[in-house]
Amino acid sequence: MYFSSYLASVVHFTPVISSHRHTQTHGRSVLIVYTLHFTGLKMSRAADRLKVVLNHLDRSHGAVRASFTSAQNVSYQYHHHHPQAFQYTFDTDLLTPEQRIAYEKDGFILIRNLVSDEDIDQFRKEFERICKKEVKVPGLLVMRDVSIAKSEFVEGEKAVTKLQDFQEDPELFRYCTLPQILKYVKCFTGPNIMAMHTMLINKPPDTGKKTSRHPMHQDLHYFPFRPADRIVCAWTAMEKVHRQNGCLVVLPGSHHGTLQEHDYPEWEGGINKMYHGVRNYDPDHPRVHLEMEKGDTVFFHPLLIHGSGMNQTKGFRKAISCHYASSDCYYIDVKGTTQENISNEVKEITAKKYGIDNTISFQDTWALRGRLVQGERTSM
Ligand SMILES: O=C(O)CCC(=O)C(=O)O
């Protein structure tokens, strides 16, 4: 289904789907045969481009055939094992074929200069107002670095390392509704979009204890909703981020794996609250450091293993992010799964925050936070 909509973005065609078509499954073999009817020169160029793109997608197992006839019919036979054909993205006429394939293959896509300086400056001002307690936001979780929290009193902005759940702050929440962000989000979630999880991360200069690091993890560990492929994170740099101030580090392609066990890493200098790390991952897996300019935005899959390094500068490294999910997603029960540890922790924190007893379910803590930002609230 996703594959056909992808093709439709490149060329206008009448798909004739043969009986060989196996749709999206978690199996490893996909065989799709499409017949495309092209209607002009532009279409042929698009077909050439598509051929190149499909060839990039799979070399060893792929069989991409294009044969033009006098009626300008093109037949593609596409048979591959890895990665699956368009499991992770929808066609919305926005992503180029190359961008779609990059996300399918790597699990992230970086869009430069997506959020304006003016917007980011306003988010920064709002963050300062919150830190100075000029604004009180219901449900907001204000977090402090473990090494700063344990040391001398530090005032205001310098004490705060993360704001979480800012959905009740109209100014910060404006980030989650920016049309240029939602346009991309729709490519991953489809048209019904919920903003589920909001954060402004103010990574502090490391105190020497290496606590400013964020351990490698998969965000899905925190989420009791599925399917994972209909969830995406948008993370926007609020200033230049680079290796020195602890940019994001990702393991490309790790979203093809499953959800791993997570827990607090045993770090000598301590570890921040709720910073669970993935227990086992291949330390030799290639890494990409996402160096970004102010306003650049990365969209990534919730199974992508990622984290961020130590902030070795004197400044606070700021980023704003939102996790979106299709409102067609459904809640799952995490009892007896690897997510039980985080579920208990979140329930406890939420009960404290809202002054309720902790009979609240993990799913309810998310239903409380989620906000529809586009389309219809169908299930979540
Ligand atoms: O901004 C960062 O340093 C990492 C954020 C992150 O991965 C998270 O909070 O899940």
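We count ligands from 1, going down the list as the structure has it; atoms in each ligand are counted the same way.
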Query raised in the report: Does the ring centre of W366 sit less than 6.0 Å away from the ring centre of F223?
Result: yes
Query raised in the report: What do the steps show when you test Y103 against F188 for ring-ring contact (aromatic ring centres under 6.0 Å, His included), and what is the final call?
Result: CA-CA 10 Å; Y103 188 88; F188 312 107; 4.2 Å; yes
Query raised in the report: When rounded to the nearest 0.5 angstrom, what distance separates CZ in R100 from OG1 in T92?
Result: 8.0 Å
Query - CE-NE2 distance between M196 and H323, expressed to the nearest 0.5 angstrom - result: 11.0 Å
Report summary line: side-chain contact (heavy atoms from CB on, under 4.5 Å) with L172: of I130, V137, V135, T198, only one passes, and it is I130
Report task. Report all protein residues having a heavy-atom distance below 4.0 Å to some atom of ligand 1; order the list by chain, then number. Result -> K162, M199, I201, K203, H214, H217, D219, W235, L248, H306, S308, R317
Report task. Indicate, with yes or no, if the rings of H255 and H301 have centres closer together than 6.0 Å. Result -> yes
